[in-house]
Amino acid sequence: MNVTYYGHSAFSVQIGGKIVLFDPFITPNELARSINVDAIPADYILVTHGHQDHIADVVRIAQRTGAMVVSNYEIVEWLKKQGLNKLHPMNHGGGWNFDFGRVKYVNAIHSSSFPDGSYAGNPGGFIVTSPDGNFYYSGDTALTADMEWIGRNVELKFAALCIGDNFTMGVDDAIEAARLVHCTEILGVHYDTFPYIKIDHVEAVRKFHEAHRRLHLLAPGASHEF
Ligand code: NI
Ligand code: MN
């Protein structure tokens with residue numbers, strides 16, 4: 001599965017001939033200046049929660065590409081009011097078979113509100129299973145024992161885990177999360193974008209290595225084949 005990173009928690013995965021984009025936050029991101037938001041391809045946009053740093057460019061990209069946006073019920077209703085109509089609502093514990101694979105919306109321990117402060121449902125993460133392989137994206141979350149069952153029945157090719165600390169898991173908790181979901185290949189997300197979440201790359205990679213995991217820290221615009 002080919003993964004392209006767009007900075008912060010934005011990345012896309014090629015699955016079953018489709019491009020699935022997660023949490024696009026490009027235009028406000030100083031570290032993603034090299035990315036042309038109007039050139040990002042997407043067939044689907046999956047959104048974990050309503051915070052600005054995950055939802056900023058959803059409407060813009062969806063309008064240009066015609067991508068279907070998949071998120072929780074409250075976010076889908078909000079996007080409807082922004083003029084989008086290719087939408088798929090989900091809620092925690094539910095899964096749906098799309099043409100590229102199956103998506104399950106799972107728990108995250110965090111908060112979720114829209115940029116105007118209104119209620120955006122509860123935050124989540126996604127498990128994607130497909131003939132090309134399976135992966136887990138944690139969204140913004142604390143380390144939680146719920147992760148233990150994620151890797152119980154699903155063999156993950158990689159997991160995208162937040163590692164920036166302060167608002168989410170830091171490196172040490174992300175390593176524990178990787179253990180809980182039985183995954184060795186980790187895409188690091190939600191780091192460096194703001195002063196509160198700046199991390200030491202060398203130390204982070206070393207800590208994952210010592211835990212027999214590989215942490216991938218991609219530059220915005222870079223791709224990796226998992
Ligand atoms: Ni958040
Ligand atoms: Mn966030």
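One-based numbering, in listed order, for ligands and for the atoms of each. Since this is a predicted model, take the numbers as computed values, not measurements.
Residue D53 approaches the Mn ion (ligand 2) most closely through its N/O/S atom OD2. The nearest N/O/S atom of H51 to the Ni ion (ligand 1) is ND1. Nearest N, O or S atom of D140 to the Ni ion (ligand 1): atom OD2.
Geometry note: the Mn ion (ligand 2) is the vertex, H190 NE2 and D140 OD2 are the arms, and the angle is 90° (rounded to 10 degrees). The NE2 atom of H110 and the NE2 atom of H49 meet at the Ni ion (ligand 1) at an angle of about 100°, given to 10°.
Heavy-atom contacts from other residues, nucleotides or ligands closer than 6.0 Å to NE2 of H209 number 12 or fewer.
Using a cut-off of 2.8 Å, one finds that H51 contributes no N/O/S atom close to the Mn ion (ligand 2). Counting backbone and side-chain atoms alike, H110 contributes no N/O/S atom closer than 2.8 Å to the Mn ion (ligand 2). Within the coordination shell of the Mn ion (ligand 2), defined by N, O or S atoms under 2.8 Å, D23 is absent.
When the options F226, F11, F208, Y5 are evaluated for a ring-ring contact (aromatic ring centres under 6.0 Å, His included) with H216, the one that passes is F226. Residue E210 is tested with R206, R213, K207 for a side-chain hydrogen bond (donor to acceptor under 3.5 Å, both in side chains); the sole match is R206.
Here H54 and H110 keep their ring centres 6.0 angstrom or further from each other.
Between the side chain of Y105 and the main chain of T48, a donor-acceptor pair closer than 3.5 Å is present.
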Residue pair D132, K157: steps toward the salt bridge (charged side-chain N to carboxylate O under 4.0 Å, His left out) verdict: CA-CA 9 Å; D132 290 352; K157 264 195 179 167; over 6 Å; no
